[in-house]
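Here the structure comes first, spelled out in structure tokens, and everything after it is commentary.
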There are 2 protein chains.
Amino acid sequence: MHEDRPRAPSSPAPAAQEGGKPEADTAPDARTAPVPEVTKGQHALTIEDIARLSGVSTKTVSRVLNHSSVVSDAMRARVEGVIARTGFVPNAQARALALRRNFLVALVHDGRDRGIAEEVEDGLLDAMADSDYALLVHRVPGFSPAPQFAPRRTDAHAAPNPDTVLAPLTRFIARHRPAGLLALPPLSEHPGLAEACTQAGVSCLRIGATRDGMGLAGPDRAAMAQAVSWLVAAGHRRIALVSGPETGFGAQAREMGYLDAMADHGLDRGPSLIEPGDYSRASGLAAGRLLLELSPRPSAILACNDAMAAGVLQAAHERALAVPGELSVIGFDDTPLAELTAPPLSSVHLDWRAIAAEAFARIVDPDRKHPSKQDRPLDAYAGYRLVERGSNAPLAPPAPRYRQTTRAPAPPPGPAIKTPPQHEAD
Amino acid sequence: MHEDRPRAPSSPAPAAQEGGKPEADTAPDARTAPVPEVTKGQHALTIEDIARLSGVSTKTVSRVLNHSSVVSDAMRARVEGVIARTGFVPNAQARALALRRNFLVALVHDGRDRGIAEEVEDGLLDAMADSDYALLVHRVPGFSPAPQFAPRRTDAHAAPNPDTVLAPLTRFIARHRPAGLLALPPLSEHPGLAEACTQAGVSCLRIGATRDGMGLAGPDRAAMAQAVSWLVAAGHRRIALVSGPETGFGAQAREMGYLDAMADHGLDRGPSLIEPGDYSRASGLAAGRLLLELSPRPSAILACNDAMAAGVLQAAHERALAVPGELSVIGFDDTPLAELTAPPLSSVHLDWRAIAAEAFARIVDPDRKHPSKQDRPLDAYAGYRLVERGSNAPLAPPAPRYRQTTRAPAPPPGPAIKTPPQHEAD
DNA sequence: TTGTACGCGTTATCAT
DNA sequence: ATGATAACGCGTACAA
């Protein structure tokens, strides 16, 4: 940074003088002599130190570290003993440089839709917990599917000004060279993303349904269809949907699931029962207001994510509608916020953590890294289930005449979180 | 990884043959010949390529990259032109190795209290957006202050089994060598954290108030006191508090702010008005239930974070208490979830993003990196304000019969989000 | 002001 | 099965 300047006042002393770190300086032989085995707080240990302490070459230590199958057991035990005693940890940067393969996984999002971001991040951290990998979190400006950044509507398929998202992302990749990249929706739906990553030499995993069908998606369509069926089984007939942005492919899958099930049950699925949102709470509130004004009011509203469902709850609150007494509300994704609403939100749980774990596995495992196998649907891995909290209930048996005051007959007291018939899609 | 094994089927071809990347192989001179200037999709460009393309030495390119002040303008222009044309980006790992200083900032948390984690993470990403740095997110097992992990209560000052948190963290640091480490509460209150980081050679910034007063804290105490004063000005007299875990120093600061203000206003601050929580929604719900059973019911409840405030909202919902009509609820931290509750939660906004930005600045800026200057209170940087959403209101004008007082003449109605007198603590 | 030789910590090649 | 040597990409000391 400040090379060639008169004098940098930061580091008090040159690193070479800091500790007693032995280096092959002029007379390497003199260094085989007494050296404190556990050199704490001084300069970091290197593989060379371990080699010297073990009386072997650096390459042998390297082999031990990399679990090479050719080292003899005796040698392995000796080296591992020294490593354990000294607490040596190999330097990830140096390994990355030599291997041309970094021990970083990048999670890339656009700063919105935090709900599933948390789930995926947690799942990744779980998966990486005992590995050598670390998690890089990166944010890019965000692109069209989100309405507030879409000044003018263009063809949904058109690449929306690739420079603002792809160019910075490419620079990020080139700079830090992560082993793999995980893109979160809606970024994962960016048309040029996969190719940009491939060109930059990192394997790209996209989370969520994508238009090319290669995203790491959960069974969105089936899950939403099942949610409708559950409501129907609970006596609901007039079931509305707050859909996602029509530019989003994942949102489309969920909407299709709704349409599937409504058709299967022979229910009215007129357009008025579907209000589009943009995954934000505000849009859910707006949609909820509209839906609750419908002439025969829906007795249940499904939302394509939890934030919009929270907005629907708010709309119900505004109209003094009892939830779940007079209105059932069900969200989607089962994000942490679902248990923070009042009442706690029932939600369709998709196992984003498992999907994240699978993504990590594909990045790390050379076999799965093969282009033909990576970044494709994951239906086999992730199930779904309805997590019932308190925002849904069976339709009250006594059909309401005009304003029959037979208030919700004390819904059956059950456990706060009930998980009815788990449907593992496999 | 798979060295010495018979044959690794992963990489189809040795890297050396992949592209036309010129290397000083046997006859370096032959390579000065025609080379496509923009070599896309092939092997990554190095500083050497840029040097050759610009007709200068690698060191000159390095100087340009590092904004050294000794390069001539002509030379700088030439090199920068080539860099821009080729889209070259320096390899962070190689720089880290040479500089012995990594371009990573680690954000470390224990997996809970996601609210402020998001804010801090966003603030960091903002601050790092145009820098060479990247954000590493790491999770450690979590330690005592959180009740569910505290099997038996010991002295709050005692180090709670350092091995489970410090040892893995030390390994993480040794492995990835971040330039700096940001610890989130409650991890930031871990007694041995700062020393462990210092020993490992990374600068450690702790977010939130710490017992030694060196954490990067906001004006928690003053902000909470002000929150009480705002409620008093709105006519409230019976104001309850859902406090944080008494082992947490940050939570203590907030509770003290409450006590300060209650005393200043000469109000009852008996222990029954304070219910302890653990920052979880469930604890807020439990505390809310208790507080709402009090004989003269509190007209306002403050919570030490937003999640607990959400629990209080739920408790009010259970008792069919109108919020804010019959009960005002105010949260703390102003996290994203505040606008997802019903009604949206008024909350005391602490500028965690600014605090995160300051933390990053201290990590990057060599001047601030000096031990005597780093990791100390930040009152001067962060202000606070009350973000009014919809969960608080003036006490209903029809005053109680006995205590007829001319208090609080219906504060002026304002916009949904009002930021009353900003108090910059400086 | 610019270039040369070497070090950073680790792994791969090729010998033994 | 193990070891010497040369990369990996970039920065620095020192020379020019």
Starting at CD of B:Gln93 and ending at C1' of D:dA7, how long is that distance when rounded to a whole Å? 16 Å

For a quick test of reading the model: is some side-chain N or O of A:Asn91 closer than 4.0 Å to OP1 or OP2 of C:dC8? no

What's the closest nucleotide to the A:Ala98 side chain, out of C:dT10, D:dG3, C:dA12? C:dT10

If I take atom CZ in residue B:Arg101 and atom C1' in nucleotide C:dG9, what distance separates them, rounded to the nearest angstrom? 18 Å

With rounding to the nearest 0.5 angstrom, report the CZ to CZ distance, A:Arg101 to A:Arg95. 8.0 Å

Using side-chain heavy atoms (C-beta onward) and a distance below 4.5 Å, is B:Glu80 in contact with B:Val64? yes

4.5 Å side-chain heavy-atom contact, B:Leu187 and B:Val165: yes

Honestly, is A:Arg362 close enough over A:Phe360, meaning NZ or CZ under 6.0 Å from the six-membered ring centre and within 45° of the axis? no

Using the side-chain contact (heavy atoms from CB on, under 4.5 Å) rule, pick out the option among A:Leu107, A:Asp110, A:Val108 that qualifies with A:Leu184. A:Leu107

Side-chain heavy atoms of A:Ile47 within contact of A:Leu65, under 4.5 Å: yes

B:Ser72 side chain N/O closer than 4.0 Å to the phosphate oxygens (OP1, OP2) of C:dT2? yes

Name the closest nucleotide to the A:Val71 side chain, picking from C:dT10, D:dG9, D:dT2. D:dT2

Is it the case that D:dG3 (base atoms only) and A:Arg63 (side chain only) share a donor and an acceptor within less than 3.5 Å, ignoring hydrogens and angles? yes

Would you please confirm or rule out a distance under 4.0 Å between OP1 or OP2 of D:dG11 and any side-chain N or O of B:Arg95? yes

What integer distance in Å separates A:Ile47:CD1 from C:dC8:C1'? 14 Å

Just so I know, are the side chains of B:Met75 and B:Asp73 near enough to count as touching, which here means a heavy-atom distance under 4.5 Å? no

Whole-Å distance separating the CG atom of A:Asn66 from the P atom of C:dA12: 7 Å

I want to check something: taking the side chain as every heavy atom from C-beta on, are A:Leu136 and A:His176 in contact at a cut-off of under 4.5 Å? yes

Check whether the side chain of A:Lys59 and the base of D:dA4 form a donor-acceptor pair under 3.5 Å. no

A:Leu45 CG to C:dT10 P, in whole Å, measures 9 Å

Applying a 4.0 Å non-hydrogen cut-off, can you work out what A:Val61 is touching in the nucleic acid: base, sugar-phosphate, or nothing? nothing

Does OP1 or OP2 of C:dG3 have a side-chain N or O of B:Thr60 closer than 4.0 Å? yes

If I take atom NE2 in residue A:His176 and atom P in nucleotide D:dC10, what distance separates them, rounded to the nearest angstrom? 13 Å

Assuming nearest nucleotide by heavy-atom distance, tell me which of A:Ala94 and B:Thr58 is located more 5' along DNA chain C. B:Thr58

Looking at C:dG3, I'd like to know if its phosphate oxygens (OP1 or OP2) sit under 4.0 Å from a side-chain N or O belonging to B:Ser57. yes

Separation of C:dT10 atom C1' from B:Arg177 atom CZ, nearest Å, is 12 Å

Can you pull out how bent the helix from C:dT1-D:dA16 to C:dT16-D:dA1 is, comparing the axes over its first five and last five pairs, to 10°? 40°

Separation of atom CG in B:Leu97 from atom P in D:dA7, rounded to whole Å: 17 Å

